[in-house]
Amino acid sequence: MIPPGSGHPGDLAGPTTPVAADADEVVRLAGSALDLPSVDARSTVCRACPRLVAWREEVAQVKRASFAGERYWGRPVSGWGAAQPRILVMGLAPAAHGGNRTGRIFTGDRSGDWLFAALHRAGLARQPASTYAGDGQELIGTRLTLGVRCAPPDNRPTPLERRACSPWLVAELRHVLPTTAAIVVLGGFGWSALLPALAQAGVAVPSPLPRFGHGVEVALAGGPVLLGCYHVSQQNTFTGRLTEAMLDQVFDRAVALARTA
Ligand code: SF4
């Protein structure tokens, strides 16, 4: 695990950054973070979910054979990108050997390969790939975030873990929503994590909550437009459930909304 203040390019935390040890402290520390860098820094040292802390650190110790020579991040992964985005992209959780290894969201795994290639085609990323924090990649008017910030076993956080992590997302949304015109939501988990967080961040969310689907578009009163998109996981991209053309269509729509809003 890379300790806070290590000089890692993705590390905003330092030795004095407060650490949340349980769900109540997540509420307190996320709610009292005065700016986006504070939300990012505080969330990347969080230890509120014992199962996820144990898993992310075990993965960082055991490693995948092909990355045996690397030092894994092994900590929560924060949102990343523009501080005042026009487009927000919402994912599920870091991959065990992707974000949990590199310390940057959607970086160093196959899902990220698909996502960054699409962002680059849409003019939202400087480079077509995102391989490691500090690789020169940059998002243009765009920010990536996620519903749960620690890599979960089998990519499945529990409802309790999702609720525990939600205050980090709510705090991030409060800072980025004023400029956000469109939110591309990758997958049903991201959708179900985002809608309650939006409501807590002060956005009027319809009741009953709209259901997730690829191509679903929901304009929130006085808020951004939500665009549903199948997740860029290999389960979808290998099987053809999600194609490059489908992904491009969603991002083209997000760009159009960002231009006209
Ligand atoms: S999942 Fe979220 S709340 Fe739980 S330990 Fe990780 S950062 Fe903290």
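Val205 places none of its side-chain heavy atoms less than 4.5 Å from the side chain of Val218. In this structure the side chain of Leu144 reaches within 4.5 angstrom of the side chain of Phe116, judged on heavy atoms. Considering only heavy atoms from C-beta on, Trp191 comes within 4.5 Å of Val216 through its side chain. Residues Ile183 and Leu220 are not in side-chain contact: their nearest non-hydrogen atoms beyond the backbone lie 4.5 Å or more apart. Inter-residue side-chain proximity for Arg28 and Pro18 is flagged as unmet; no heavy-atom pair is nearer than 4.5 Å. For the pair Leu177/Leu198, a side-chain contact is recorded, criterion being any heavy-atom separation below 4.5 Å from C-beta on. At a threshold of 4.5 Å between non-hydrogen side-chain atoms, the residues Phe251 and Arg121 do not count as touching. Side-chain contact between Arg51 and Thr158 is present, with heavy atoms from C-beta onward closer than 4.5 Å.
Classified by interplanar angle (parallel below 30°, tilted 30° to 60°, perpendicular above 60°), the ring pair Trp73/His8 is tilted.
Side-chain atoms of Lys63 never come within 3.5 Å of backbone atoms of Tyr72 as a donor-acceptor pair (strictly under, hydrogens ignored). A donor-acceptor pair under 3.5 Å is formed between the side chain of Thr107 and the backbone N or O of Ile105. Of the possible donor and acceptor atoms, none in the side chain of Arg110 sits under 3.5 Å from a partner among the backbone N and O of Gln234. In this structure, Glu161 contributes its side chain and Pro157 its backbone to no donor-acceptor pair below 3.5 Å. Here the side chain of Gln127 pairs no donor or acceptor atom with the backbone of Glu138 at under 3.5 angstrom. At least one donor-acceptor pair closer than 3.5 Å links the side chain of Arg101 to the backbone N or O of Gly108. With hydrogens and angles disregarded, no donor-acceptor distance shorter than 3.5 Å links the side chain of Arg126 to the backbone of Ile140. Checking side-chain atoms of Asp154 against main-chain N and O of Arg156 turns up no donor-acceptor pair under 3.5 Å. Not one N or O on the side chain of Asn236 forms a donor-acceptor pair closer than 3.5 Å with the backbone of Leu242. At distances below 3.5 Å, at least one donor-acceptor pair connects side-chain atoms of Asn100 with backbone N or O atoms of Arg56.
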Quick one: do Val250 and His214 satisfy side chain to side chain contact (heavy atoms under 4.5 Å, CB included)? Show the steps, please.
CA-CA 9 Å; Val250 173; His214 183 87; 3.8 Å; yes

Can you list the steps and then say if Tyr230 with Leu247 is a side chain to side chain contact (heavy atoms under 4.5 Å, CB included)?
CA-CA 8 Å; Tyr230 290 144; Leu247 202 48; over 6 Å; no

Criterion salt bridge (charged side-chain N to carboxylate O under 4.0 Å, His left out) on Glu57 and Arg47, from CA distance to verdict:
CA-CA 11 Å; Glu57 294 182 359; Arg47 303 184 67 81; 2.8 Å; yes

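Around CZ of Arg211, the count of heavy atoms belonging to other residues, nucleotides or ligands within 6.0 Å does not exceed 12.
Nearest heavy-atom pair across Trp114 and Thr243 is CZ3-C, 3.7 Å. The two residues Ala254 and Val184 come nearest to each other via the heavy atoms CB-CG2, 3.9 Å. Heavy atoms only, all atoms of each residue included: Val148 and Cys165 are closest at CA-SG, 3.8 Å. Residue Pro210 comes nearest to Leu195 through the heavy atom pair O-CD1, 3.8 Å, listed as atom of the first residue, atom of the second, then distance. Between Arg71 and Pro3, the shortest heavy-atom contact is NH2-CD, 3.4 Å. Across all their heavy atoms, Leu146 and Gly79 have their closest contact at CD2-N, 4.4 Å.
Rounded to the nearest 0.5 Å, atoms SG (Cys46) and CZ (Arg149) are 9.5 Å apart. Expressed to the nearest 0.5 Å, how far SG of Cys49 lies from CZ of Arg163 amounts to 11.0 Å. Note that CD of Gln235 and CZ of Arg241 are 9.0 Å apart. Values are rounded to the nearest 0.5 Å. Rounding to the nearest 0.5 Å places CG of Asp252 at 11.0 Å from CG of Leu257. Rounding to the nearest 0.5 Å gives a distance of 7.5 Å between CD of Glu172 and OG of Ser78. His231 NE2 to Leu115 CG: the interatomic distance, rounded to the nearest 0.5 Å, is 8.5 Å.
Under the 4.5 Å side-chain heavy-atom criterion for Ile, Leu, Val, Met, Phe, Trp and Tyr, Leu169 and Leu160 are members of distinct hydrophobic clusters. Phe106 and Tyr132 are assigned to two separate hydrophobic clusters, defined by single-linkage of ILVMFWY side chains at heavy-atom distances under 4.5 Å. Both Leu186 and Met246 are assigned to one and the same hydrophobic cluster, defined by single-linkage of ILVMFWY side chains at heavy-atom distances under 4.5 Å. No path of Ile, Leu, Val, Met, Phe, Trp and Tyr side chains, each step under 4.5 Å between heavy atoms, connects Val27 with Leu52, placing them in separate hydrophobic clusters. The cluster map of Ile, Leu, Val, Met, Phe, Trp and Tyr, joined by side-chain heavy atoms under 4.5 Å apart, puts Val203 and Met90 in the same cluster.
Evaluated for a side-chain contact (heavy atoms from CB on, under 4.5 Å) with Pro4, the options Val45, Leu12, Thr44, Val19 yield exactly one hit, Val45. Only one option out of Thr145, Thr179, Thr142 pairs with Pro85 in a side-chain contact (heavy atoms from CB on, under 4.5 Å); it is Thr179. Partner of Arg104 under the salt bridge (charged side-chain N to carboxylate O under 4.0 Å, His left out) criterion, chosen from Asp109, Asp40, Asp135: Asp135.
Side chain to side chain, Arg143 and Thr180 fail the donor-acceptor criterion of an N or O pair below 3.5 Å.
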